[in-house]
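Below is one structure, written out as structure tokens, with a few remarks after it.
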Amino acid sequence: MKARLAFSVNDLAETRFAVSPMWEVVTSCRVLAGATVADPHRGWAEQVRPRLAAAGLDRGWLADMVPSAGHLPDFLNPTTASHELPDELAAIEAGDPERVRRDLDLLSGERGGRLSPRLRNLHRDPRTYLPRVVAEIEAYWELAIAPYWARIRSVLEADVFHRGRQVAESGTARTLDQLHPTVRWDSGGLQLAQRHCAITRIETGAGLLLVPSVFAWPRVLTRSVPSEPPQLAYPARGIGVLWESRRHAPMDALAAVIGRSRALLLAELDSPASTTELAERSGLSAAGVSQHLTALRAAGLTSTHRAGRTVFYARTGLADALLTAQV
């Protein structure tokens, strides 16, 4: 199956890249919807699934709407100016009810005319139920994406930087041609083979929004909605090393500033962990770990994320930078 997205000079001029939190939400839900999770995301899924189950999010709105294959609801990936999560969530909540109904009709068609009671309510009254969808997305983000966002975002931004430099050195056409093996630039248009969503220039806005994604791998996904620029989500470069444990040089310099125990805890937070887990891994007392984590959070070096009764700690981007600076 192939599709072709035509480009005018104006379309090329309005082609841009963006990092989108909602694309990571939707594509990560698709990863979790599968019966098995392949590398490179298996370790992430093993950590996240128990948290989502404890919060009941493994059987919520997103689980109903995001299948392991087939149509992804376009209203979950709105085009916004900033593509920060609050702006994307606001756009979802204020979305066009008819857009929501069309997406749900497509899901219903793929499921033999069946929708869950929850999705039937959303179809009947989007204005009432979209705020509930948004509330669940916020809860999902806190458990499944936020603890890892500093690491994910660094990969996405590195990809955008690389592509931007490639545009400057070689032009937009060559950059588009090298996004993915199934995407090819040819005679003023973008050829897409084995696409997983429809994409067309008919009735859409000018340009193209290119969105690197870690969870879209290994596929290219598209969004085509009237009056808005088409979107193409493609696997970001560097996914293969995204979840690898980061080895750090001896932390004498950092330990001299924040203390050896706190430096050790930061190094142990390659993946989010609870106070109990950190105490077991570091050899420190649970009370001492809790005290150190409170101080690290106050300094902006850790963040907290709750799953049921358990609080998980994660390194922030600032902490990653401090550790990396010593290597």
Side-chain angles (χ1 to χ4, degrees), residues 1-7 11-12 14-31 33 61-62 65-85 87-110 119 122 126 130 133-134 137 145 156 159-160 163 176 179-180 182-183 189-236:
M1 184 182 296
K2 294 184 179 180
R4 186 176 187 276
L5 183 68
F7 276 78
D11 290 320
L12 279 174
E14 296 195 33
T15 294
R16 65 186 178 93
F17 290 87
V19 170
S20 167
M22 274 309 304
W23 267 109
E24 297 311 297
V25 168
V26 172
T27 53
S28 65
C29 284
R30 166 156 283 189
V31 169
W61 291 96
L62 288 171
M65 284 190 290
V66 181
S68 59
H71 179 68
L72 293 174
D74 288 325
F75 75 87
L76 292 177
N77 295 109
T79 302
T80 62
S82 72
H83 284 282
E84 295 293 334
L85 183 63
D87 293 333
E88 292 182 325
L89 294 179
I92 292 171
E93 188 165 343
D96 177 8
E98 289 309 310
R99 172 75 267 160
V100 175
R101 292 190 179 102
R102 284 194 292 271
D103 281 327
L104 295 179
D105 286 340
L106 287 170
L107 287 177
S108 175
E110 292 181 348
L119 294 189
L122 179 60
L130 279 175
V133 173
V134 167
I137 292 171
I145 306 295
L156 302 179
D159 182 276
V160 171
R163 308 287 179 184
L176 292 172
L179 285 176
H180 190 267
T182 64
V183 178
L190 205 60
Q191 303 281 354
L192 290 88
Q194 301 176 1
R195 74 194 192 283
H196 294 268
C197 300
I199 186 168
T200 177
R201 186 65 69 188
I202 299 174
E203 296 184 347
T204 60
L208 175 66
L209 184 65
L210 297 163
V211 185
S213 169
V214 301
F215 291 106
W217 179 89
R219 301 169 176 167
V220 165
L221 301 170
T222 60
R223 177 184 188 269
S224 185
V225 172
S227 78
E228 297 182 18
Q231 296 185 25
L232 189 152
Y234 63 92

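- Phe75 pairs by the ring pair (Phe, Tyr, Trp, His ring centres under 6.0 Å) definition with nothing, not counting sequence neighbours.
- Glu24 places a side-chain heavy atom less than 4.5 Å from the side chain of Val214.
- In terms of heavy-atom proximity, Pro212 sits nearest to Val160 at CG-CG2, 3.7 Å.
- Put simply, the side chain of Glu93 never gets that close to the backbone of Val134: no donor and acceptor are under 3.5 Å apart.
- Here the CD1-SG distance, from Ile145 to Cys29, works out to 7.5 Å after rounding to the nearest 0.5 Å.
- Side-chain contact between Leu179 and Val220 is absent, with no heavy atoms from C-beta onward closer than 4.5 Å.
- Checked for salt-bridge contact, Arg101 and Asp105 miss the test: no charged N lies under 4.0 Å from a carboxylate O.
- Distance check, rounded to the nearest 0.5 Å: CG of Leu210 to CG of Leu176 gives 6.0 Å.
- Note that CG of Asp96 and CG of Leu130 are 10.0 Å apart. Values are rounded to the nearest 0.5 Å.
- Checked by atom type and distance alone, the side chain of Glu88 never pairs as donor or acceptor with a backbone atom of Thr80 at under 3.5 Å.
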Could you give me the CA-CA distance, side-chain angles and deciding distance for Leu192 and Thr182, then say whether side chain to side chain contact (heavy atoms under 4.5 Å, CB included) is met? CA-CA 6 Å; Leu192 290 88; Thr182 64; over 6 Å; no
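- Here Thr79 contributes atom OG1 and Asp87 contributes atom CG; the two are 12.5 Å apart, rounded to the nearest 0.5 Å.
- When every heavy atom of Pro230 is checked against every heavy atom of Leu5, the shortest pair comes out as CG-CD1, 4.2 Å.
- Using a distance-only test at 3.5 Å, with no hydrogens or angles considered, no donor-acceptor pair links the side chain of Arg16 to the main chain of Leu208.
- Using a 4.5 Å cut-off on side-chain heavy atoms (C-beta onward), Val25 and Leu76 make no contact.
- Side-chain atoms of His180 do not come within 3.5 Å of backbone N or O of Ala233 as any donor-acceptor pair.
- Here the side chains of Pro78 and Ile92 are in contact, with some heavy-atom distance below 4.5 Å.
- Between His83 and Val211 there is no side-chain heavy-atom pair separated by less than 4.5 Å.
- Closest non-hydrogen pair, Val31 versus Phe215, comes out as CG2-O, 3.6 Å.
- Within the model, atoms OG1 of Thr15 and CG of Leu190 stand 9.0 Å from one another, a figure rounded to the nearest 0.5 Å.
- Ser213 has its side chain out of reach of Tyr234: every pair of non-hydrogen atoms, C-beta onward, lies at least 4.5 Å apart.
- Using a distance-only test at 3.5 Å, with no hydrogens or angles considered, a donor-acceptor pair links the side chain of Gln231 to the main chain of Asn77.
- The shortest heavy-atom contact between Pro73 and Leu107 is CG-CD1, 4.0 Å.
- Residues Asp159 and Arg163 have side chains in contact (heavy-atom distance under 4.5 Å, counting atoms from C-beta outward).
- Shown here for Phe17 and Leu209, the closest heavy-atom pair between the two residues is C-CD1, 4.5 Å.
- Remark: side-chain polar atoms of Asp74 are not paired, donor with acceptor, to backbone N or O of Arg223 under 3.5 angstrom.
- Annotation: side chain of Val26 is not in contact with side chain of Met65 (no heavy-atom distance under 4.5 Å).
- For the atom pair CG of Leu89 and CD of Glu84, the computed distance is 11.0 Å after rounding to the nearest 0.5 Å.
- Pairing each heavy atom of Gly70 with each of Arg30, the nearest pair is O-NH2, 2.7 Å.
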